[in-house]
S.K.: 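Have a look at this one before I ask anything.
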Protein chains: 2
Amino acid sequence: MVQKSGRSDPSKGLAGGKSSKAAAKAAESGKAAVAPPPGAPPRKRGRPRAFEPEVALKKALAAFRKSGFSATSLDDLSAAMGINRPSLYGTFGDKRELFLKAYQRYRAETNALFAPALDPKLTLRQMLEMVYATAINIYLSGDHGPSGCFTVMTAASEAMSDPEIRAIVQKAIENSDRTIAGRFRAAMEQGELPPKTDCDALARIVSASIQSIAIRSRAHVPRAELEAMARSTIDLVAGPARR
Amino acid sequence: MVQKSGRSDPSKGLAGGKSSKAAAKAAESGKAAVAPPPGAPPRKRGRPRAFEPEVALKKALAAFRKSGFSATSLDDLSAAMGINRPSLYGTFGDKRELFLKAYQRYRAETNALFAPALDPKLTLRQMLEMVYATAINIYLSGDHGPSGCFTVMTAASEAMSDPEIRAIVQKAIENSDRTIAGRFRAAMEQGELPPKTDCDALARIVSASIQSIAIRSRAHVPRAELEAMARSTIDLVAGPARR
DNA sequence: AGATTTTTGTACCATTTCGAAAGAAATTCC
DNA sequence: GGAATTTCTTTCGAAATGGTACAAAAATCT
């Protein structure tokens, strides 16, 4: 007999009252709640959104990452994102669409985080060290324990039944392999590696070890062990450390 | 207005009639439906089971493997196992217990499949070849597409929220690392590897590549690529093939 | 100010899901 | 053959789930 009306959360009332005030203040005090882009405030016609889609999507991503697609209910999502179901549906579509959008956001976000490590001016070893450090930071992040890699853990689970998700997972894995292999080839051409090195094979090893780190992080393997694994893999594929 | 009574499946009637006949026949014709163990038929007192718990558990394992814990409903399980919910509940407990039992069965089953590869009489290279071949066969098996590794894909997803499952996943990963490392050390002591090889590091690489193969199999990476990945990893950790 | 448009908040619906109760069926023990 | 026991089948029910309808609210345009 637990009625839905039994919510004792006062935030809705506050939010309703605050949103109008916040928007009004935004125009004068400059502290916008919706963060209008620096130069272009062509506001739309109707009632303004009470949330920023970007941060809501970020919350959704965290929720999906925590429990996976099926175990994350729309109630969970709506609570985590701080918006109610109709708004969610209106902005992001149904649950699956939201999942896809969250996944795309994850890919863009992580690609951006890995970008500095792929600077061609770095040595192979420096690049690998940065890649592993970035990966470990991503996989160990999360307010509710290490959340692993979305591609490897969350999306790959759905890849079985959803061809579209599967295609994205394929692309993500392939992209990882290809990017790292390219970096290995560059290193080989610059004499950092012996001339006939099998760069594709080494790249797959690096990819695999990163995936394994994602899995292990989810099993709560301590950070030090993950870092040790990264170091030993680097030594194996890039030659032992010079001293 | 779809009533539950609308099942047009006649199997229940047949099953009911058949089970009595089958059991009766079993006693005389020797073709038992319940497969009494070779030497010990101390049948229990009440109505006999109409299913073999072992094969039902196998079906449950396949169902969980296909869709994961949350996305597999008790209806799915009951349909896949061929037994109805109350029997399922009475035999295996609730959904989570069934999941744990299925996972334990998976571990036992795969351990048995890997056992021949770990024969100490094999060379390191032979052992690795057998291990990868076994893994690929396991991960690509499944009536509904490649199902990957239960530990890596299915259980690791639940590991986030369920400490007991997490502990099993930890143990599974650690066991894999340790077993392979032991085999590497033996090879090193017998001169198959240079004296100061970092066996733990190599073992983790092998573990990681196997996990990556599981992930890739689920993304429908073709078998040939998985095998190529196995070969190149073997060459890397056990030295290139002798000819 | 009033019309228009977009979003929000509440309530609701149909279905699914997990779990359990109750009686029928099948077997062994006496 | 009858009592006891175990399992099977049917059915139910409470809660959760994904999704939606509808009116109030908050903004812009005229």
Side-chain angles (χ1 to χ4, degrees), chain A residues 1-7 9-24 26-27 33-34 36 41-53 56 69-79 81-99, chain B residues 1-7 9 11-24 26-27 33-34 41-51 53 56 69-79 82-99:
Chain A
M1 277 297 189
V2 176
Q3 298 300 90
K4 302 159 194 168
S5 59
R7 292 177 63 184
D9 184 356
S11 65
K12 50 182 174 180
L14 277 163
K18 199 169 53 179
S19 63
S20 62
K21 207 166 51 179
V34 193
R43 261 177 297 191
K44 277 182 302 182
R45 209 160 183 288
R47 176 174 180 170
R49 283 210 176 93
F51 63 95
E52 298 168 48
F69 179 79
S70 303
T72 306
S73 71
L74 284 184
D75 272 342
D76 295 336
L77 289 165
S78 143
M81 301 166 81
I83 67 184
N84 41 31
R85 231 117 32 95
S87 297
L88 191 162
Y89 196 84
T91 308
F92 302 103
D94 68 7
K95 193 181 174 185
R96 183 174 167 279
E97 284 183 76
L98 175 59
F99 183 84
Chain B
M1 277 295 189
V2 177
Q3 297 299 91
K4 302 160 195 168
S5 59
R7 293 176 61 186
D9 184 356
S11 65
K12 50 182 176 182
L14 278 162
K18 199 167 56 180
S19 63
S20 62
K21 205 165 52 178
V34 193
R43 262 176 295 192
K44 279 181 301 184
R45 210 161 181 285
R47 178 174 178 169
R49 283 209 177 95
F51 63 95
F69 179 78
S70 303
T72 306
S73 71
L74 284 184
D75 272 342
D76 294 338
L77 289 165
S78 139
I83 68 185
N84 40 31
R85 227 114 35 89
S87 297
L88 191 162
Y89 195 84
T91 309
F92 301 104
D94 69 8
K95 194 180 172 184
R96 183 174 167 279
E97 284 183 75
L98 176 59
F99 183 85

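All of these numbers come straight from a predicted model, not from anything done at the bench. Numbered from 1 within each chain, the chains take letters A, B, ... in sequence-line order. These numbers come from the heavy atoms of this one structure, side chains and all, not from hydrogens, waters or symmetry mates.
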S.K.: With a 4.0 Å heavy-atom cut-off, tell me which residues in residues 81-93 of chain A come close to DNA chain D, sorted by residue number.
M.R.: A:R85, A:P86, A:Y89
S.K.: What integer distance in Å separates B:L74:CG from C:dG19:P?
M.R.: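 My rounded result for the distance is 6 Å.
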S.K.: List the residues meeting side-chain hydrogen bond (donor to acceptor under 3.5 Å, both in side chains) with B:D94, not counting sequence neighbours, and say none if there are none.
M.R.: none
S.K.: Give the minimum heavy-atom separation between B:P53 and B:F92, together with the two atoms involved.
M.R.: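 Answer, listing the atom of B:P53 first, then B:F92: O-CZ, 3.7 Å.
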S.K.: I want to check something: taking the side chain as every heavy atom from C-beta on, are B:F69 and A:S70 in contact at a cut-off of under 4.5 Å?
M.R.: no
S.K.: I'd like to know if the side chain of A:D75 pairs up with that of A:S78 as donor and acceptor (distance under 3.5 Å, no hydrogens or angles considered).
M.R.: no
S.K.: For the side chain of A:D94, starting at C-beta, report the closest nucleotide among C:dT8, D:dG19, D:dT17.
M.R.: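 Closest nucleotide among those given: D:dG19.
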S.K.: Look at all strands and tell whether B:S78 reaches a base, only sugar-phosphate, or nothing, counting heavy atoms closer than 4.0 Å.
M.R.: nothing
S.K.: For A:T91, enumerate each residue passing the side chain to side chain contact (heavy atoms under 4.5 Å, CB included) test, keeping only those at least two apart in sequence or located in another chain.
M.R.: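 By the side chain to side chain contact (heavy atoms under 4.5 Å, CB included) rule, A:T91 matches A:R49, A:F51.
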S.K.: Roughly how many Å is it from CZ in B:R49 to C1' in C:dT28, rounded to a whole number?
M.R.: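 For the pair B:R49 CZ and C:dT28 C1', the rounded distance is 16 Å.
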S.K.: How close or far is atom P of C:dC18 from atom CD of B:E97, stated in whole angstroms?
M.R.: 15 Å
S.K.: List the residues meeting salt bridge (Lys or Arg N to Asp or Glu O under 4.0 Å) with B:R96, not counting sequence neighbours, and say none if there are none.
M.R.: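 Applying salt bridge (Lys or Arg N to Asp or Glu O under 4.0 Å) to B:R96 gives B:D162, B:E164.
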S.K.: Show me the protein contacts with nucleotides 4-6 of chain D, counting only N or O atoms at under 3.5 Å.
M.R.:
from: D:dA4; atom 1: N3; to: B:R45; atom 2: NH1; distance (Å): 3.1
from: D:dT5; atom 1: O4'; to: B:R45; atom 2: NH1; distance (Å): 3.0
from: D:dT6; atom 1: O2; to: B:R47; atom 2: N; distance (Å): 2.9

S.K.: In this structure, how many angstroms lie between the P atom of D:dA16 and the NZ atom of A:K95, rounded?
M.R.: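 Going from A:K95 (NZ) to D:dA16 (P), I get 15 Å.
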S.K.: Partners of B:L77 by side chain to side chain contact (heavy atoms under 4.5 Å, CB included), sequence neighbours excluded?
M.R.: B:A60, B:A63, B:F64, B:T72, B:L74, B:M81, B:L88, B:K95, B:L98
